[in-house]
There are 4 protein chains.
Amino acid sequence: MSKVIRARDLGLAFPGTPGKHNALTDVPGVLVGFATISEGEGPLVVGQGPIRTGVTAILPAGRGGEMVPVWAGFHALNGNGEMTGTHWIHDAGYLVGPICITNTHSVGMVHHAATKWMIRTYSAFHEHHVWAMPVVAETYDGLLNDINGQHVRESHVFTALDTAGDGPIAEGNVGGGTGMICYEFKGGTGTSSRRVAIDGINYTVGALVQANHGVREWLTILGVPVGRHLAADRLSMTEQGSIIVIVATDIPLLANQLTRLAKRAAIGIGRHGTPGGNNSGDIFLAFSTANRGPLHQFAPSPLTLRCINDERLDNVYLACVEAIEEAVINALVAAKDTPTLRPPGKVCRAIEHDRLVEVMRAYNRCA
Amino acid sequence: MSKVIRARDLGLAFPGTPGKHNALTDVPGVLVGFATISEGEGPLVVGQGPIRTGVTAILPAGRGGEMVPVWAGFHALNGNGEMTGTHWIHDAGYLVGPICITNTHSVGMVHHAATKWMIRTYSAFHEHHVWAMPVVAETYDGLLNDINGQHVRESHVFTALDTAGDGPIAEGNVGGGTGMICYEFKGGTGTSSRRVAIDGINYTVGALVQANHGVREWLTILGVPVGRHLAADRLSMTEQGSIIVIVATDIPLLANQLTRLAKRAAIGIGRHGTPGGNNSGDIFLAFSTANRGPLHQFAPSPLTLRCINDERLDNVYLACVEAIEEAVINALVAAKDTPTLRPPGKVCRAIEHDRLVEVMRAYNRCA
Amino acid sequence: MSKVIRARDLGLAFPGTPGKHNALTDVPGVLVGFATISEGEGPLVVGQGPIRTGVTAILPAGRGGEMVPVWAGFHALNGNGEMTGTHWIHDAGYLVGPICITNTHSVGMVHHAATKWMIRTYSAFHEHHVWAMPVVAETYDGLLNDINGQHVRESHVFTALDTAGDGPIAEGNVGGGTGMICYEFKGGTGTSSRRVAIDGINYTVGALVQANHGVREWLTILGVPVGRHLAADRLSMTEQGSIIVIVATDIPLLANQLTRLAKRAAIGIGRHGTPGGNNSGDIFLAFSTANRGPLHQFAPSPLTLRCINDERLDNVYLACVEAIEEAVINALVAAKDTPTLRPPGKVCRAIEHDRLVEVMRAYNRCA
Amino acid sequence: MSKVIRARDLGLAFPGTPGKHNALTDVPGVLVGFATISEGEGPLVVGQGPIRTGVTAILPAGRGGEMVPVWAGFHALNGNGEMTGTHWIHDAGYLVGPICITNTHSVGMVHHAATKWMIRTYSAFHEHHVWAMPVVAETYDGLLNDINGQHVRESHVFTALDTAGDGPIAEGNVGGGTGMICYEFKGGTGTSSRRVAIDGINYTVGALVQANHGVREWLTILGVPVGRHLAADRLSMTEQGSIIVIVATDIPLLANQLTRLAKRAAIGIGRHGTPGGNNSGDIFLAFSTANRGPLHQFAPSPLTLRCINDERLDNVYLACVEAIEEAVINALVAAKDTPTLRPPGKVCRAIEHDRLVEVMRAYNRCA
């Protein structure tokens, strides 16, 4: 297998210091898994394919016998999309269970299967009155995938959840990102991370994106108007996509601090030129793995929580913005050409590495 | 078949003037359907039942060949529950497609099937890039239903959607409300409506609730502390339930006016004594059937919209509060005794009509 | 001086157990002061009076040489009014400095003077870059006061702040509540409190309202439709008023828990019949005196915070609702007749104690 | 008088097409005025100066005998600041009266005077029960101005309001922006506009900023890391500033569309490198001059409103982002060196035009 090329390997000079794998999984305990469904060729026959879709699963609190709430916050720059589970995050500031990302028309099946997986996995469901409200988000892959065939099945969700692990994360055409388009290049899954020292302790902020947004002419990378230079093979789109951003950190942050962190994702994705299109579901979730304990039903009262002083937040925000900026470009760089279904017969091209480097160099923004 | 007894038939003097059926369906074009699943007896065997659950389906814009957005707003008094589709309602102020209510662990299947139903029903899914983001809400029926068995299937959802009609609405143990508990009495589905004249035109405000909230001692009806007097057969609960409120009207209201209307549901449910419990998902949706047109993708620009002057809102708010107040009591009055599964061997009693009337009379609040 | 009569003294059977003074000041460390301006008689001459207005000042963290943030949350049931300082409460979850309530057109002067008072009082303003963002809220007293004369001056604000103390709180026509109207009776300032035991510790939840809202026919007290029975001396109003609710507690609650507490005020005021009128500024603030420390600029990092388990919140919510319910009626019971300026020549009547008791007894809701 | 140099005059290649004056006032009917207070030299003596502050006034609906609501929306990226009047904008979607921007400790006086000005200007205050809730926003100028002296007086506010006009707008050290610092350069007031054709009609989106935010090393202009190259004369700050953004347009947009527009300002300011610092009040307001009519109290019912189809929003969002991007740089380019008070004896330098151009050229981003 050839070495994986990521944006940094092309010499793109992203700011900041990434973690070991430059991935969401650099946050200890955060696990990521995929089910990638790529079946069939030829023209679209609804219900039969071709299928280019999947499921991305994130276990924010690792594996273990019991459900563990993690503190969380979210923000929608443009809510033309779905992310379930957010009413409780808004009010109580935590989520319990997996976070999954898929295509728009598979939200229901993924929610159903994630709920089933939780019931199977956690004994509390059988001994107490507890309930599952998993986070399931989506972006639309109907140009490259038979989305109306609703091909994601329970077993795919279980695969993504059961194979979730730490270490390097596959990018591009994988998991929920399999059929995604980003700035009219082939998009998909991307990730990155940043190290931040706060109060003398080293922490990590990681981001994972399912990038399906943007129009070519908007595309800017590290300030360079790449989209104007790489104008070939456009799909003649208006904005129809979306981007889901998941931010994880081990910094002790309270719910309202995490909501504020999630808001910064607007700046992170804005660095590539999008103003947040009307048909885009630009929805962001941030969670912290710190301050973990049992479900509230089984926890003591009062609780004792730690959080960093708000005065330390600026570097956390910057790390978040930078990790998101790089994660989107990692998705582009890793993606592979994929034929379009609607309209049929075209190809959604991956960005060409050589051409990208050439443009960046013309602006003195590449090593 | 015996005549259906509703709260008003007992002489309870609710304020305001209801519409023809005193139901959500008094709003022209709003259709409601149910799938009620009641199977099995005896002790709980997860996956085998007994099953006491279902699906409630609301078609806000009636039937027809094309998708029609309806303007909408929502509010969560306490977000410990799920209502999908709200990010876009928050931002763009409309929803497209059905509204379904079910049990907590069937949200996924109902979302999946509602999406499938939309794909089948609307040709736009096959000719254009459109996407489904149905509204699916829930309350928890794990005391009376094998909720962890996830017994709602696609076919149940189709039944609720395909049988949705106008006219009188069944209440109590029906649809999504089949296994619900309210103030430790048997709860479930309830509805009511109010007529409001605005600018010389007669309009209707309707409410439908899936009532699964409240602790007995809190229960107040028309100001009478009923819960303190009818203290028998309690289930020894702390608040674990939820209430979903759907408000419909034909009054021309913009999205922000509908959001404000949805906020008033907190007052409507507060009239029975609940302060909005921590474990309750008290989530409210309001929509208007006015100002309808095609999906934005197929609509002209600019749009021309009508809305009543904000100065007319007070009577609309009052109608909303009153319809919700009565809908919850209608759910209680219509409900039927149901055995409990967890703990086994008890019975969740419906409120006794005679006893209720007796208490109300002692406070001069019943005809 | 005659004994002060409060709602409870009339035999009204409010639920729950009040604190020592049945007042906001039952929360240790919370101080309340007033400046009441009542000058002039006769017809309105803008700029000359008559003046019936004032300032209510709350010091949430007592007196002391340094600024102390208190954790806080807010909610607007209907935002037709002003409460400054809320953007930071929304994001960071705390406020620093006094909370003042006045009339609508004196918000600026009160904000100016409260800022000046903070600069004078706290040395940090002269040694560091700190800034004042006081909370100033208002309701409209233009029917009884020459509001367009903007008669509140710096000195009034200093008086309210400098005389703020603990112990019993004056009610009715005092402070910011001097010229207020409530359910077309004379309204104004009211307060109440509740004791709550949580985790074996006795805490207090207190409420202070500036009640200026409601239409007579809506008025319900303890479930009794008082407004329909006491229909004389109406002011022929549509809803034009507002209500500000300040909730204080010594229970350790985080910012998001306090936001949730503030939401419950909608239910508290809803108990008297208002659906939250369009022209009403129904804005609610909740703060906790627990978890206090220095300003973030001078605080350590990380912070350690305590909060009660969410599972304990229901009784806190109930205490909040009950304290607000009683505070509004305390405002009505304490108020005194006041002549109207616009239209001139009428009198805004205080509710008659005897008549109120008579109606309550007819419904078996009074001792 | 020498020609005014703006960012575009330096050859900076901002995208998009500005309006006639490249200013907020390109939106017909929008008037802008300033009161600039620059008095005293030497060391800080609280209460005596030096004074470097002022007031910026925006009349969103021009002059005229009657109050006119304009539809509006707002967003706080980071709410560490004040913008009054937003509760009603949140709920009802409009504002009435002027928008003023000043320093943090003059919010009260400006609110007081803007209210007085409204009472004097609009006869409705004397004939009806109407109330003033002006929008007053602020940023902190305590490094360059005797902010604790609260030197803004009523007369300054009246000057800004009474001199508000159309045509070109002064930038840099003027009005509320007089004492502001931006990316550790001298900042202040800046403006820009964009033309947008929608549905065949030419519209304008304008932005005005009071720019007081940012740390030098973050500064990026058109993608070029300017702050790293122009590292001299830093003020050794952590982020302590803020930015207020006012967006105006004549495009017919409803309140929820304007809220969405205001959210895009996060991307606009993010283009210069800020992640939205913790101590920054990054608060954004957007309003539309379309769909104007009388106050609701005096308006008919129902109202008829026009709005562009959401499908047209992407170019509006882009215009908004681009106008804000340029407005901030215009503030930097127009600003003048100003001595610091705290710490004393330094100078807050304006960005040097020649050096800026030199850096931009090295990255191929300047003509």
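This structure is a prediction, so every number in the text was calculated from the model and none was measured. Letters A, B, ... mirror the listed sequences (proteins, then strands); counts begin at 1.
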D:Ile308/D:Asp199 under side-chain contact (heavy atoms from CB on, under 4.5 Å): CA gap, chis, key distance, verdict | CA-CA 8 Å; D:Ile308 63 164; D:Asp199 304 327; 4.0 Å; yes
Does the cation-pi check pass for A:Arg8 over A:Phe14, that is, NZ or CZ under 6.0 Å from the six-membered ring centre and within 45° of its axis?
->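 Cation-pi check for A:Arg8 and A:Phe14: fails.
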Chain A: which of D:Gly276, D:Gly270, D:Ser280 shares the most heavy-atom pairs with it under 4.5 Å?
->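 Between D:Gly276, D:Gly270, D:Ser280, the count favours D:Gly276.
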Interface residue of largest heavy-atom contact number with chain A, from D:Thr220, D:Asn78, D:Ile269, under 4.5 Å |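 Looking at each option in turn, the highest pair count goes to D:Asn78.
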Listed by residue number, which members of residues 309-327 of chain A have a heavy atom under 4.5 Å from any heavy atom of chain D?
->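 The list, in residue order, reads A:Asp310, A:Glu311, A:Leu313, A:Asp314, A:Tyr317, A:Leu318, A:Val321.
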Proximity of residues 246-258 of chain A to chain D, residues having a non-hydrogen atom under 4.5 angstrom =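 Within residues 246-258 of chain A, near chain D: nothing under 4.5 Å.
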List the steps and the verdict of side-chain hydrogen bond (donor to acceptor under 3.5 Å, both in side chains) for D:Ser192 and D:Asn330.
-> CA-CA 8 Å; D:Ser192 181; D:Asn330 276 337; 4.7 Å; no
Short side-chain to backbone donor-acceptor contact, [X] and [Y], under 3.5 Å:
X	Y	result
D:Lys263	A:Ala266	no
A:Glu184	A:Arg234	no
A:Asp26	A:Asn22	yes
A:Asn291	A:Leu305	no

In Å, rounded to the nearest 0.5 Å, how long is the span from CZ of A:Phe74 to OG1 of A:Thr259?
->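 Those atoms lie 7.5 Å apart.
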Nearest-0.5 Å distance that lies between atom CG in D:Leu332 and atom SG in D:Cys182 =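 Between atom CG of D:Leu332 and atom SG of D:Cys182 there are 4.5 Å.
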Any residues in residues 204-212 of chain D near chain A, with a heavy-atom distance under 4.5 Å, and which are they?
->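 None at all.
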Let me see the working for A:Tyr183 and A:His272 under side-chain contact (heavy atoms from CB on, under 4.5 Å), right down to the final yes or no.
-> CA-CA 9 Å; A:Tyr183 290 103; A:His272 311 107; 3.3 Å; yes
What residue in A:Ile267, A:Asn278, A:Thr274, A:Asn364 has the most heavy-atom pairs under 4.5 Å with chain D?
->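 Looking at each of A:Ile267, A:Asn278, A:Thr274, A:Asn364 in turn, A:Asn278 comes out on top.
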Between chain D and each of A:Arg271, A:His75, A:Arg260, count heavy-atom pairs under 4.5 Å; write down the option with the most.
->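 Between A:Arg271, A:His75, A:Arg260, the count favours A:Arg260.
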Identify the two heavy atoms, one from D:Arg342 and one from D:Tyr140, that lie closest to each other, and give their separation to 0.1 Å.
->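 So the two residues come closest at NH2-OH, 3.4 Å.
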Is chain D contacted by the side chain of A:Thr238, its backbone, both, or neither, given a heavy-atom distance below 4.5 Å?
->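 Interface part for A:Thr238: neither.
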Hey, can you pull the donor-acceptor pairs under 3.5 Å for the side chains in residues 222-229 of chain D, sequence neighbours left out?
residue  : atom : partner  : partner atom : Å
D:His229 : NE2  : D:Tyr363 : OH           : 2.8

Can you tell if the side chain of A:Thr104 reaches within under 4.5 Å of the side chain of A:Thr139, non-hydrogen atoms only?
->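 No. Closest side-chain heavy atoms not under 4.5 Å.
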Verdict with reasoning, A:Arg216 to A:Phe185, per side-chain contact (heavy atoms from CB on, under 4.5 Å) | CA-CA 8 Å; A:Arg216 184 69 59 84; A:Phe185 289 112; 3.4 Å; yes
So A:Asp282 and A:Asn80, side-chain contact (heavy atoms from CB on, under 4.5 Å) or not? Walk me through it.
-> CA-CA 7 Å; A:Asp282 299 340; A:Asn80 201 337; over 6 Å; no
